[in-house]
Amino acid sequence: MHGYDHKRIEKKWQKVWQQQRQYEAKDASPKKKFYALIEFPYPSGEGLHVGHPRPYIGMDIIARKRRMEGYNVLYPIGWDAFGLPTENYAVKTGIHPALVTKRNTKNFKRQIQMLAISFDWSREINTTDPSYYKWTQWMFLLFFKKGLAYKKKMPINWCLSCRIGLANEEVVDGTCERCGGETERREKEQWMLAITKYADRLDKDLDMVDYPSRIKAQQRNWIGKSNGSLIKFSIFNFQFSKKEEKIEEVEVFTTRPDTLFGVTYLVLSPEHPVLKNIESRISNLEEVRKYQNEAKRKTEIERTGGEKEKTGVELKGIKAINPANQDEIPIWIADYVLSDYGTGAIMAVPAHDVRDFQFISGKGLPLIEVIDTTTFKLGPISTGKGWPYTGTGKLINSGEFSGMDSEEAKKKITEFVGGKIVTTYKLRDWVFSRQRYWGEPIPVIHCERCGTVPVPEKDLPVKLPEVKNYAPTDTGESPLAAIESWVNVKCPKCKGPARRETDTMPNWAGSSWYYIAYCISENLKSQLPISKQFPSSKIQKKLKHWLPVDWYNGGMEHTTLHLLYSRFWHKFLYDCGLVPTLEPYAKRTSHGLILAEGGEKMSKSKGNVVNPDAVVKSYGADSLRVYEMFMGPFEQAISWNTDSLIGSRRFLERVWKVGFRIKDLGFKKKEISSPEPQSAPLTALLHHTIKKVGEDIELLKFNTALSSLMILLNAFEREASVSLSMYKTFLKLLAPFAPHMAEEVWANLGSRKSIHLEPWPAYEEKALTDTPVTIIAQVNGKTRGSFETSRGRSKEELGAATLALPSVKKWLDGKEVRDVIVVQDRLVNVVVS
RNA sequence: GCCGAGGUGACGGAAUUGGUAGACGUACGAGACUUAAAAUCUCGAGACCGUAAGGUCGUGUGGGUUCGAUUCCCACCCUCGGCACCA
């Protein structure tokens, strides 16, 4: 018998599978389809680290199981290759990002292929490929033509010394990551996609998909649908504390119009547009200006977060009037109010809102209770005890509305002051511009006469030109702006002089529709116009076959951006009649990150990255696969530990040995004539394992599936003889986890056909229930003994058997038996006193 | 701060979703094999008291519900993910 030589085996079978095109999906097949999807990787220069393949292996196990269950499986992969790291590398080295991408992709592909993930490589796509981004650009123009892409002034991070725009990630504590200099937020015209138009459907349609509740909850909270009222407050000029003429109106959004009588001040965001109109009336304008400038420096998290005291400046010389009771109330600006949520202005009710309550401390602002808290345990807030009461209840101190319930008062008070009941969303429109090189050029042309003109379809793709310098320009424009020959074009409409848009797209663009691209990958390269191709029956037939994605696994960190963006993109395409389903992904799950040994995130800068190359070389791909699935719950983050890996390798070596033991004993012949009898407990264990592995895979509980395979193998080793058919069943269950090992042993046992094309084993219910059960005997909830018996014994029998146990009896001495609680087939608890 | 997830032996984790806490694996200890080491195989092991039989305690902390709580409820502490230009 020769030993388990992973190098020989793995190379051999990878070649065979590739030659037989075993994992390529068929666009037309009588089998039921299954579309498995993982988030396609960003091919970074550091190469694959051991964290990357975790989700690929997990979905691979599911895909392999589905094939064995008779499905036509599509499990594709590609490259999400636009992005900052490659661009920054290009800025540093001057090497073209396309070359860097090519190099990185090649390395990633080699590394992924050595793990034998059953990807359909014939459908490989790359977002940076002009034949791919031609479609991305075409879809952008569709958004533009439908009025969902527009330009708007938005703040960007600006480094004052580098004089370039920065990504949020490049700003650390308000300073530039590159030079350490100060940054500020500066307004710039940006392309936007109107995702908020789809906010309601993105929220509501979560009901139709199978996502874990934590993902639905995060998306719903991100969309932040809330029902409330818009209420107008008049602003008056005040001279020497005397009310003069009305100068403006400010509309606030509130979810709690029932607390309107408790408003003690108004807060505007420091950027609120009304400030410009009234600044001549503000007596402390200088102080206000200073505060506005400080707010510019802060990030949103700094503004809304932190335990620090909430800051603000009162606008002196003006006051607002509470429309409910005509009270004169002060107006403040404060950075805890954001300009792009609601109306950028709030009515503050410190008695019933946590942030408002925090804000008044030290500022001498009053608090008026308008919800009756005396009926609760809390006690009245005015006594200074505890937090503000943010719940609903009966109104007090609210004029004619006192005594009314919050819910009714919301409507009535809004009506009373002439307000409007509205629905708002926290979700903001999608900033779609980047002033960067390595992204899809936004395909529009700016003409002095015709305005913004889309690039005609025949001129797509708008390819990225060669540039010398990849860094953004010091005017904040993309490096593309410096290429005069590329920028200056004729207007497609009037043929007059015009300039190309120089912004590029974020890399969420290409990843918003890549799962569609896999279905039609061969069509992407066609020279036919997309507007003819996409709606054609040829493509629609494929999309109808494959969509929606049946199971999409990805990182929890993509829940609110990528996952939401692509759902939006898909719904838009659906509205255009281009895709057949309302939702792109029928089911979504997520995996936990693999962290470095210390529990930190793996990163090049920390120098704690574990490369799979070395692991595969010394332990083999199957060992790595088994370890990554065994190391802990798939959905949770977990630290890498090379020491533990040996257990997975040992497991596979023992599988190998048992295989050879069986073969040497000559079971092969016996199996053909008749199945050998096996011990009943082993048969029961086998069927239990079939059930457990099958169910665990569906629940992503790969760790316990492997654990049960290990338990079965341990039993095989203890048993004097194990039948070939039993062992073969074990191999089939192992095949999705360790495809090379399973295939090699399978072939050694005399099979010609691949084990991965075998049917998935089924278990017999009878074999499971034939086994005896252990009944736990407790006295007052403490375990005092146990006994074995057959399944299905009556409560009386079990109770009597328990009371007869000597280990139980001794605890009953001098006590009175009050109750005997029996849990069928499991436990008896004797209650005594 | 807000939203989401989590906290169990030396370590990764398991526990049929309210019913024997610690499966499986790593590391560790003892033994077998070996001239020896490695590898492999067998056995042991939550903590404390006890020679043992056995007992007490034990799932981040404090309280509650229950015959019975890692699991349910309340309060608190800590760790991780996201917060819109990293992907």
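Residue numbers start from 1 in every chain, and the chains themselves are labelled A, B, ... in the order their sequence lines are given, proteins ahead of strands. Fair warning: this is a prediction, and the values are worked out from it, not measured in the lab.
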**Basic-acidic side-chain contact under 4.0 Å: A/R588, A/E39** =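 Looking at A/R588 and A/E39, the cut-off is met.
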
**Request:** May I ask you to decide if A/S623's main-chain N or O and A/R649's side chain share a donor-acceptor pair within less than 3.5 Å?
**Result:**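 Absent.
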
For a quick check of understanding: with a heavy-atom distance under 4.0 Å over all strands, which category does [X] fall into, base, sugar-phosphate or nothing?
X	result
A/R654	sugar-phosphate
A/Q190	base
A/F630	base
A/S433	base
A/H558	base

**Contiguous Watson-Crick or G-U pair runs (3 or more, under 3.5 Å) in RNA chain B** =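 Stem list for RNA chain B: B:1-7 with B:77-83, B:10-12 with B:24-26, B:28-32 with B:40-44, B:46-49 with B:54-57, B:60-64 with B:72-76.
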
Could you run through [range] and give me one letter per nucleotide, 5' to 3': B if any protein heavy atom sits under 4.0 Å from the base, S if only the sugar-phosphate is that close, - if neither?
range	result
nucleotides 54-59 of chain B	SSSS--
nucleotides 29-34 of chain B	------
nucleotides 44-49 of chain B	------

**Request:** Not counting sequence neighbours, list each pair that qualifies as a side-chain hydrogen bond (donor to acceptor under 3.5 Å, both in side chains) and has a residue in residues 83-92 of chain A.
**Result:**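 Non-adjacent pairs meeting side-chain hydrogen bond (donor to acceptor under 3.5 Å, both in side chains): A/Y42-A/T86, A/Y89-A/R103.
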
**Prompt:** Quick one: does A/M505's side chain get under 4.5 Å of A/W191's, heavy atoms only?
**Reply:**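 They are not in side-chain contact.
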
Please determine if a side-chain N or O atom of [X] lies less than 4.0 Å away from the OP1 or OP2 oxygen of [N].
X	N	answer
A/R214	B/A5	no
A/K601	B/G82	yes
A/N221	B/G4	yes

Please measure how far the [atom1] atom in [N] lies from the corresponding atom in [M], and state the result in whole Å.
N	M	atom1	answer
B/U71	B/U59	P	9 Å
B/G12	B/C3	P	29 Å
B/C77	B/U61	C1'	7 Å
B/A14	B/G29	C1'	24 Å
B/C57	B/C78	C1'	24 Å

Can you list everything that forms a side-chain hydrogen bond (donor to acceptor under 3.5 Å, both in side chains) with [X]? Sequence neighbours excluded, please.
X	result
A/E698	A/K65, A/R66
A/S833	A/R818
A/H49	none

**Message:** So if I take residues 641-653 of chain A and measure heavy-atom distances to RNA chain B, which residues fall below 4.0 Å?
**Reply:**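 Result for residues 641-653 of chain A: A/D643, A/S644, A/I646, A/G647, A/R650, sorted by number.
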
**Request:** With a 4.0 Å heavy-atom cut-off, tell me which residues in residues 705-715 of chain A come close to RNA chain B, sorted by residue number.
**Result:**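 A/S707, A/M710, A/I711, A/N714, in order of number.
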
**Request:** Taking atom NZ of A/K197 as the centre, report whether more than 12 heavy atoms of other residues, nucleotides or ligands fall under 6.0 Å from it.
**Result:**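 No, because the 6.0 Å sphere around NZ of A/K197 holds 12 heavy atoms or fewer from other groups.
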
**All salt bridge (charged side-chain N to carboxylate O under 4.0 Å, His left out) counterparts of A/R793, not counting sequence neighbours** =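 Salt bridge (charged side-chain N to carboxylate O under 4.0 Å, His left out) list for A/R793, sorted by chain: A/E797.
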
**Message:** Checking A/N553 against A/H591 for the side chain to side chain donor-acceptor pair (under 3.5 Å) test, could you report, in this order, the C-alpha distance in whole Å, the side-chain angles of both residues, the deciding distance, and whether it holds?
**Reply:** CA-CA 7 Å; A/N553 185 81; A/H591 60 272; 3.0 Å; yes

Dump every N/O contact between nucleotides 67-76 of chain B and the protein below 3.5 Å, one line per pair.
unit_1 : atom_1 : unit_2 : atom_2 : d
B/C67  : O2     : A/N829 : ND2    : 2.3

**Asked** Side-chain donor or acceptor of A/Q218 under 3.5 Å from a matching atom on the base of B/G81?
**Response**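 Yes.
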
